[in-house]
S.K.: 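Once you've had a glance at the structure underneath, I'll fire off some questions.
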Amino acid sequence: MPIHIGIDDTDSPNGMCTTYLGALLYREFSKIAEPLDLPRLIRLNPNIPYKTRGNGAVAMSFEANEKVIPRIKDAVLFYVRQLADFEHENTNPGVVFFEGEIPDELREFSLKALREHVTIEEAEKVAREVGAEYFKFKLGRGIIGALGAIGYPLENFTYELLAYREPENWGTPRRVNGESVFLADSWVYPFSYDNVDPYKGSVLITPHGKDPVLAGIRGVDAGKVLQVFKMVEFGEPVAFCQLYKTNQNTDDHLTPKKIGELKLYDSAVVRGRVAGEYREVGRHVFFELEDGTGKIRVAAFEPTKKFRNYVRKLLPGDEIIAAGGVKEHEGVLTLNLEKLYPVKLVPKVEYQKPKCPKCGGTMKSKGDYLRCKHCGYKMPKKLIPVEVPRDLKWKIYEVPPDARKHLSRPLVLPGGEDKLLELL
């Protein structure tokens, strides 16, 4: 009998990690039951404000007999009670068990939890309808992710190898040789990616919190991911590591929508026209985007760095495709840009001084008249409109690696353009 286990919301900004708990359980259960696949790390809606960190849930499936299944359930609940960070107000763990083949209703719920806002009550209702067994701790919000991770139709997937620290090192600076990470990345890129940010010269495989993760290495090829891990030089012991199959970097969170259909916490791709000049507030860049159904504010926030320069080049009337998550910023619904594609660009006109009508020389402003620098010819001051090239290309622009969401697919990977180009 297949048994599927889902766990979520055991971590907090102060420590712990649901993947760490999942890796421990997967190692233990593999001794008494037959794994049906690698454990799964499923990222759900990245826009939800009360997520702990990356909004990732863990699921795993085993073929087990009737004697083993109760042991598995008891062990999961014991580990959650022992390791979850119950002291943090936003940590509300949930555990779900499901036996048998995954029904369509559960798959549909998973995709909704990925792309929209889902309530605890909705999750409980679906769990009862499909016959899933669920356990709530505190508010129990984690049952949303736990149920979603079990039912997720992982048709598109990547891999992430997570290396964990010895407990005595938790909360201390991670010791990883940066040069070895850059060397490994240059060897296998793009089969393994986002290991470094070449623009900033920074290492991206190491998190910065108090959690047990020492490093996370992503890729589309499991062998290349393992190769990077072997090439990286760690300055501290690796307690153990686990390879996860994941929906990270798939763009599965993005769905085409009209602007008028957008709701708070949606992840979407929209097509519209720039409805005015951009404006800057602090280091953030904002503009309005409209279509026949409505208008929404779009933002490129400071962490997106040079990506903001492309936004600054947009002109009113430009038609673009924009991808991102809908959040509330200063009380206004705002689409936080992840990717941008210019579809149709309006002409850019600049007013310039004419050439000298007598000799073709360069005219220079002299008060209210123009004077030729070559022959001295004078004429009334009059500027002429000249169309100049636009400094934007018909290509997709994406935020830099260290500002990229877990779910966003880098353009260097196959299919990295699909979600946007399907709107063309």
Side-chain angles (χ1 to χ4, degrees), residues 11 13 15-27 30 38-43 53-54 56 58 157-250 303 305 398-414 416:
D11 60 336
M16 227 340 249
C17 178
T18 302
T19 69
Y20 176 76
L21 175 57
L24 289 174
L25 292 171
Y26 185 80
R27 290 158 67 89
S30 295
L38 290 169
R40 294 144 54 101
L41 168 57
I42 303 300
R43 300 285 180 183
R53 285 200 299 271
V58 166
F157 60 87
T158 60
Y159 297 95
E160 181 166 11
L161 184 145
L162 288 161
Y164 298 99
R165 318 179 75 186
E166 294 289 358
E168 59 265 25
N169 290 324
W170 295 2
T172 64
R174 291 163 174 82
R175 300 188 293 277
V176 178
N177 184 303
E179 291 184 6
S180 71
V181 181
F182 273 88
L183 178 62
D185 183 77
S186 66
W187 188 260
V188 301
Y189 183 83
F191 302 102
S192 175
Y193 51 87
D194 284 0
N195 299 306
V196 299
D197 187 333
Y199 307 104
K200 296 177 63 176
S202 57
V203 171
L204 300 180
I205 66 171
T206 52
H208 305 290
K210 300 177 183 179
D211 56 273
V213 176
L214 174 58
I217 301 167
R218 301 178 187 177
V220 294
D221 184 302
K224 299 296 185 185
V225 169
L226 291 168
Q227 188 176 0
V228 172
F229 174 69
K230 292 177 181 178
M231 293 180 69
V232 172
E233 298 175 7
F234 295 100
E236 63 178 89
V238 176
F240 64 95
C241 58
Q242 178 63 56
L243 185 66
Y244 276 93
K245 187 179 286 188
T246 174
N247 66 339
Q248 291 175 161
N249 307 123
T250 60
K305 303 300 181 184
E398 63 180 347
V399 300
D402 66 346
R404 186 164 25 239
K405 294 184 181 297
H406 291 294
L407 284 158
S408 294
R409 192 166 184 84
L411 296 177
V412 70
L413 299 183

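Since the structure is predicted, the reported quantities are computational estimates derived from the model, not experimental observations.
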S.K.: CG of L161 to SG of C241: how many Å apart, nearest 0.5 Å?
M.R.: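 SG of C241 is found 5.0 Å from CG of L161.
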S.K.: Assess, by modelled atom type and distance only, whether the side chains of T158 and R409 contain a donor and an acceptor separated by less than 3.5 Å.
M.R.: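 No, because no side-chain N or O of T158 sits under 3.5 Å from a partner of the opposite role on R409.
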S.K.: Residues two or more places apart in sequence or in another chain: which of them pass side-chain hydrogen bond (donor to acceptor under 3.5 Å, both in side chains) with K405?
M.R.: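 K405 satisfies side-chain hydrogen bond (donor to acceptor under 3.5 Å, both in side chains) with no other residue.
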S.K.: Could you state the interatomic distance from OH (Y244) to CG (L162), rounded to the nearest 0.5 Å?
M.R.: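 Atom-to-atom, Y244:OH and L162:CG are 7.0 Å apart.
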S.K.: Would you list the atom pairs, donor with acceptor, under 3.5 Å between side chains in residues 224-232 and any protein atom, with sequence neighbours excluded?
M.R.:
none

S.K.: Thinking salt bridges, do R174 and D211 make one under a 4.0 Å N-O criterion?
M.R.: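 Answer for the salt bridge query: yes.
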S.K.: Nearest heavy-atom pair of S180 and E233: which atoms, and what distance?
M.R.: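 Heavy atoms only, the tightest pair is OG-N, 2.9 Å.
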S.K.: Looking only at heavy atoms, what is the nearest atom pair of L38 and Y26, with distance?
M.R.: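 In this case the closest contact between L38 and Y26 is CA-OH, 3.9 Å.
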S.K.: So, for D185 and V196, which heavy atoms are closest and what is the spacing to 0.1 Å?
M.R.: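 Scanning both residues, the minimum pair turns out to be OD2-CG2, 3.6 Å.
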S.K.: Could you tell me whether the side chain of S30 and the main chain of R27 form a donor-acceptor pair under 3.5 Å?
M.R.: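 Checked: no pair found.
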S.K.: Considering only heavy atoms from C-beta outward, does the side chain of D197 approach that of P400 to under 4.5 Å?
M.R.: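 Heavy-atom side-chain distance check passes, below 4.5 Å.
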S.K.: Tell me if the aromatic rings of F240 and Y20 count as close, with their centers under 6.0 Å from one another.
M.R.: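 Under 6.0 Å, so yes.
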S.K.: Among side-chain atoms of Y164 and T19, is any donor-acceptor pair under 3.5 angstrom?
M.R.: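 On atom types as modelled, these side chains qualify, holding a pair under 3.5 Å.
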S.K.: Using the side chain to side chain contact (heavy atoms under 4.5 Å, CB included) rule, take R404 and D194 through it: C-alpha gap first, then chi angles, then the decisive distance, then the call.
M.R.: CA-CA 9 Å; R404 186 164 25 239; D194 284 0; 2.5 Å; yes
S.K.: Can you list the residues that meet the ring pair (Phe, Tyr, Trp, His ring centres under 6.0 Å) rule with F191, with sequence neighbours excluded?
M.R.: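 None.
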S.K.: State which residues pass side chain to side chain contact (heavy atoms under 4.5 Å, CB included) with L411; sequence neighbours excluded, sorted by chain then number.
M.R.: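 With neighbours one apart ignored, the set is K339, I396, E398, E417.
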S.K.: Quick one: list whatever passes side-chain hydrogen bond (donor to acceptor under 3.5 Å, both in side chains) with T246, sequence neighbours left out.
M.R.: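 T246 satisfies side-chain hydrogen bond (donor to acceptor under 3.5 Å, both in side chains) with no other residue.
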S.K.: Evaluate side chain to side chain contact (heavy atoms under 4.5 Å, CB included) for V181 paired with E179, printing each intermediate quantity in order.
M.R.: CA-CA 5 Å; V181 181; E179 291 184 6; over 6 Å; no
S.K.: Do the side chains of E166 and P237 get nearer than 4.5 Å, heavy atoms only?
M.R.: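 Contact flag for P237/E166 side chains = yes.
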S.K.: Heavy atoms only: give me the nearest G22-V58 pair and the separation to one decimal.
M.R.: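 Looking at all heavy atoms of both residues, the closest pair is CA-CG1, 3.9 Å.
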S.K.: Atom CZ of R218 and atom CD of E160: how far apart are they, to the nearest 0.5 Å?
M.R.: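 R218 CZ to E160 CD: 5.0 Å, rounded to 0.5 Å.
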S.K.: Which atom names give the shortest non-hydrogen contact between N249 and S408, and what distance separates them?
M.R.: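 Closest pair (atom of N249, atom of S408, distance): ND2-O, 2.9 Å.
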S.K.: If I compare all heavy atoms of N247 with all of T250, which pair ends up nearest, and what's the gap?
M.R.: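 Smallest interatomic distance, heavy atoms only, reads O-OG1, 2.7 Å.
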S.K.: Applying side chain to side chain contact (heavy atoms under 4.5 Å, CB included) to L25 and L21, what does each step give before you reach the verdict?
M.R.: CA-CA 6 Å; L25 292 171; L21 175 57; 4.1 Å; yes
S.K.: Would you call V412 and Y189 a side-chain contact if the rule is heavy atoms closer than 4.5 Å?
M.R.: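 Touching, per the 4.5 Å side-chain cut-off.
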S.K.: Pick one: which of I217, D221, I205, V220 meets side-chain contact (heavy atoms from CB on, under 4.5 Å) with S192?
M.R.: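 Only one option passes, and that is I217.
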S.K.: Tell me if the NZ atom of K210 is crowded by more than 12 foreign heavy atoms within 6.0 Å.
M.R.: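 Not buried by this count: 12 neighbours or fewer within 6.0 Å.
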S.K.: With sequence neighbours excluded, tell me which residues meet side chain to side chain contact (heavy atoms under 4.5 Å, CB included) with P303.
M.R.: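 With sequence neighbours excluded, P303 shows a side chain to side chain contact (heavy atoms under 4.5 Å, CB included) to F301, given in chain and number order.
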S.K.: Is a side-chain donor or acceptor of E236 paired with a backbone partner of R175 at a separation under 3.5 angstrom?
M.R.: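 Confirmed, E236 side chain pairs with R175 backbone.
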S.K.: Are the side chains of D402 and K200 in contact, using a 4.5 Å heavy-atom criterion?
M.R.: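 The answer is yes; the side chains approach within 4.5 Å.
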